[in-house]
Amino acid sequence: MHDLIRGMGTEIVRLESNEPWKRSRVLHHKDSFKILTEKNGTETIEGLVLDMQMCPTINSNEKVLETNAFSRMRELKLLHLSHVQLNGSYAEFCTGLIWLCWTKFPLDSIPVDFPLESVIILEMQYSGLRQVFKGTKYLPSLKILDLNHSHSLTETIDFSYCPNLEKLVLVDCTSLIYVHGSIGNLERLIYLNMKDCKNLRMLPKNICMLKSLETFIISGCSNLSELSTEMLRNMDALKVLETDGIPISELWLEKSSSILGSLPCALMELSLWGCNLSDDALPMDFSNLSSLQRLNLGNNPISSLPNCIKGLTRLHTLSLNECTILKSLLGLPKLKDLHILNCTSLEKITYQSSSSVSCTYGYNHNLVEWQYKYKLQPIGSVDVEMINLLGLCNLLESMAPIRIHTLYGYLQNDDPIPVQGLYEHGIFSTVFGGNKVPGKFSHKSRGSSISFTVPLLDNHRTRGLIVFVVYVNAGYDSPPIIHHNYLSQIIVKNKSNGLRGRYCPSRYGIPGEGEDMIWLSHWNLEDDQLQGGDEVVVSVIMKSGLLVKELGIRLVQMQQEENHNMMSISTDSSSDDRIWYNKCLGDSDEEDKREEVFSRFVCLPDEEEEQQDDITVATTTGSNNSGGLRGWKVLVTTACFFLTLTLITRSSPSRRKKQPSTSPG
C-alpha cells in the first residue's frame, strides 16, 4: 500500500472518534496497550495492532496481558500482535477473527480451545511452536498458513483438517524433518515454500498429486535426498520451481538430466543456483520448456552456454552470476536481462540476433569480446589498414605494457598489460605510453578543447575522425564508486547541424605519476554527420588527476568514387563488426541509422551543452569563425538568384508587347 493511501486511511480512522476504543481500527501501539490493560474494548473495534517492542517505556511487569481483554471485541476481524504474551483461557477469544498475525508467538503449540474456525489467514512467524496443535483442529476456512522462521517446529499439521489451504509457507523451519503425507490431498494448494528447511530429508511421495501447485520452492533444503522425475512431471500447473543449493547430480535418486528433462511444460521460472550442474547436466529435452521466461543457473560449474538454452524462445531473463569457470556465451537467445556478475573466466559473448539487453555485470576482467558492446584484441592483431591509418606501423614493437582500468569489470591487479585495441560503438581506440603523436594532424591545441571547420573539397566525403589526446598523471587515484561524471570522455559537437555525441571508453590507461600517455581513437562516420563547411567542437574531459596536455584532430576524407574501396579503412575488417557498428544499441529503423554514431552516445543535457559552448576553444590553422554561416550565405545567394531570374522572365514578354505601340505611326 502506498504511504499516502495508508496515511489517508489512518487519518479517516482517527476522525471517527477522539477516544481510541470507539474507532473501528486501533493502529497506535500505545492506544492498543491501554485498551487491553483497561479491558475497555468495544464492538466497534474491527482491527487492532500491538507490538510490545514499540512501547519501550512500559514497565516489564505490565507486559503480560489477559485473554479476556478481548472478550468485548466481538467484531474483531484483524489482529496483529508481536512480542505479546497472554494469560488465561482462549475459549472466548475473538471468535470472529479472519486474519491473525502473531509474530513471536510464545507457546510451543496453539491451544486446542483457540477459536480459529473463521480464520482465513494464520501467520505465526518466528514462533516458539514445536507442533502447530496438540491433537487435531478442523480449520475449514484457512487458506494461508505462514510459519516462517519457527526454528523449533518439527512437524506439520494433518492437512486433512484444512482442506481449502492455498498457501503454505515454512521458510527457515530448520528443525522440520517431517511433512505430513496428507499434503498431497490439498487440491487447492497453489504455493508451497520450504526454503532453508535444512533438516528436511524427504518429501511425501504423494506430493506429485498437487495438481494446482504453481510455485514450489525447496531452495536450501540441502539434506533432501529424494526427488523423482514422476514427482515433478505430474505437477501440471507448476510455473515456478526453485531448487537453489541442492546438489542434484549427487544426492537425488536419478540422473540430473532425467530430472531436468521431465519438468512440466507450463514452467515459467526455474532457479537452479548452486546445484552443481556441469555442461552436460541440461538435456536437449530441456528446450521443450516453451513457457520458460526466467532461468537462474548461477554458481554452477558450467563452462559454456548449454545448447538447449538456445531453443528457449520465450526466455527473457538469464542469470549466470558466480559461474567462475564459464568461458563463453555463444549464440544467446533474444533476452531482456542478462546477469553475469563475478563470471571471472568469461571471455566472449555473442547473440543469435541483435537486441537491447539490460545486463548486470562486474569483475569480468577476462571478457575481451562482447557483441554489440565492444571487442578487445592485442594491438599487434588489429587490422593492418587501421594501424596504417593511425600511423602506428612503426611503433608496435616499442609499445611497453601499461596499467589499465576498466568499467566492465575490475582487473585482478594493477600490473601493466600489453597494449590493446578496443572496438566500441563504431570507434576504435587505443592507449599507449609516450608523448610523440604519430602521423600529421591538421588541427592541434594545447588545451582540452579544439574547434575547426570541415574543409570543402569537391567530390569528397568525410568518412572518419581521428582524435589524439596526450595526457599526464597529476596525482590520479581511482575512485571507489564509478559515476558517469567522473569518466574520461570525448565530446564531439557539430554546431552546424546540431548533431553531438559523447564517447566514454570502457577501458582507459593510467600513466605513472608524472608520465605521459597517448589516447588515440578513430570515429567511423556516416555521410551527413560531418560535411564541408560544418563548424565542429571537440572537447576532452579526463578523470580527476589526469590532465590533458595536447589535443589534435585529423579528418579521414575520400573521393566519392573510392568510398566503396576505402570502407575497410574506417571500419573493422569483419562483416560482423560492421553490423555491430550500425546496430550497437539493437534494431533501429534505416532512417535513424544516419545519426547513430553521434546520437548513440550519452546525449549532453541542456546545462552541460551550455557549459561546452562556454569552453574557450583554441583557434587552429584552417579554422574559420564564419564557417558556420557559410551554408546560410549559399542559401540566401541561391534564393536571390532565382528571384531575380523569375522577375526578368516575367518582364520580358510585356516589353515585347509594348514595342509595336511605341514605334512611329
Side-chain angles (χ1 to χ4, degrees), residues 1 25 46-49 70 73-82 90 93-105 107 109-127 129 131-150 153 155-173 176 178-195 197 200 203-204 206-218 234-242 266 268-269:
M1 183 183 296
R25 292 159 181 81
E46 297 180 12
L48 185 141
V49 178
F70 294 87
M73 304 181 199
R74 296 183 180 88
E75 297 299 320
L76 190 64
K77 301 293 189 296
L78 167 64
L79 179 59
H80 188 172
L81 303 177
S82 182
Y90 288 87
F93 178 82
C94 305
T95 56
L97 276 180
I98 293 177
W99 187 344
L100 173 60
C101 178
W102 196 333
T103 305
K104 287 285 185 177
F105 182 72
L107 305 180
S109 64
I110 300 176
V112 177
D113 59 348
F114 203 121
L116 297 174
E117 289 74 16
S118 300
V119 171
I120 297 175
I121 303 174
L122 178 58
E123 297 178 316
M124 289 191 166
Q125 299 97 336
Y126 298 94
S127 72
L129 293 172
Q131 57 184 15
V132 184
F133 298 106
K134 287 184 179 179
T136 59
K137 184 93 173 162
Y138 188 59
L139 305 173
S141 301
L142 189 63
K143 292 185 178 181
I144 298 176
L145 177 59
D146 186 347
L147 302 174
N148 279 352
H149 310 290
S150 295
L153 189 69
E155 61 182 66
T156 64
I157 61 174
D158 184 342
F159 296 103
S160 302
Y161 294 95
C162 49
N164 295 310
L165 195 64
E166 297 178 1
K167 183 176 181 179
L168 177 60
V169 185
L170 300 168
V171 173
D172 192 33
C173 293
L176 185 65
Y178 172 72
V179 176
H180 200 280
S182 59
I183 192 172
N185 299 326
L186 296 175
E187 297 179 355
R188 299 185 179 183
L189 191 68
I190 61 175
Y191 184 93
L192 175 57
N193 190 346
M194 294 185 289
K195 181 180 180 181
C197 292
L200 187 64
L203 297 172
N206 67 351
I207 201 170
C208 63
M209 298 173 61
L210 296 173
K211 301 295 184 181
S212 300
L213 191 65
E214 296 181 358
T215 300
F216 186 28
I217 301 174
I218 51 175
N234 293 330
M235 295 180 179
D236 298 331
L238 193 62
K239 294 181 180 179
V240 178
L241 175 62
E242 297 182 12
M268 299 176 65
E269 182 174 344

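One-based numbering along the sequence shown.
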Considering only heavy atoms from C-beta outward, does the side chain of Thr156 approach that of Leu145 to under 4.5 Å? no
Are Phe216 and Ile207 close enough that some pair of their side-chain heavy atoms sits under 4.5 Å apart? yes
Parallel, tilted or perpendicular: ring planes of Phe114 versus Tyr90, cut at 30 and 60 degrees: parallel
Sub-4.5 Å side-chain heavy-atom contact between Glu269 and Glu242: yes
Looking only at the side chains, is there a donor atom on one of Ser127 and Ser150 sitting less than 3.5 Å from an acceptor on the other? yes
Do Phe105 and Leu81 have side chains that approach each other closer than 4.5 Å (heavy atoms only, starting at C-beta)? no
Keeping Asn164 on the side-chain end and Pro140 on the backbone end, is there a donor-acceptor pair under 3.5 Å? yes
Does any non-hydrogen side-chain atom of His180 lie less than 4.5 Å from one of Ile157? no
Heavy-atom closest pair (Leu203 atom, Met194 atom, distance to 0.1 Å) is CD2-CE, 3.4 Å
Arg25 side chain near Glu46 side chain, heavy-atom distance below 4.5 Å: yes
Whether the side chain of Ser212 engages the backbone of Glu187 through a donor-acceptor N/O pair (distance < 3.5 Å, no angle test) should be reported. yes
Just wondering, do Met73 and Leu79 contact through their side chains at under 4.5 Å, heavy atoms? no
Can a donor-acceptor pair be found, under 3.5 Å and without considering hydrogens, that links the side chain of Lys137 to the backbone of Val112? yes
Looking only at atom types and distance, does a side-chain atom of Lys77 sit under 3.5 Å from a main-chain N or O of Glu75, one as donor and one as acceptor? yes
What I'd like to find out is whether the side chain of Trp99 reaches to under 4.5 Å of the side chain of Ile144, using heavy atoms alone. no
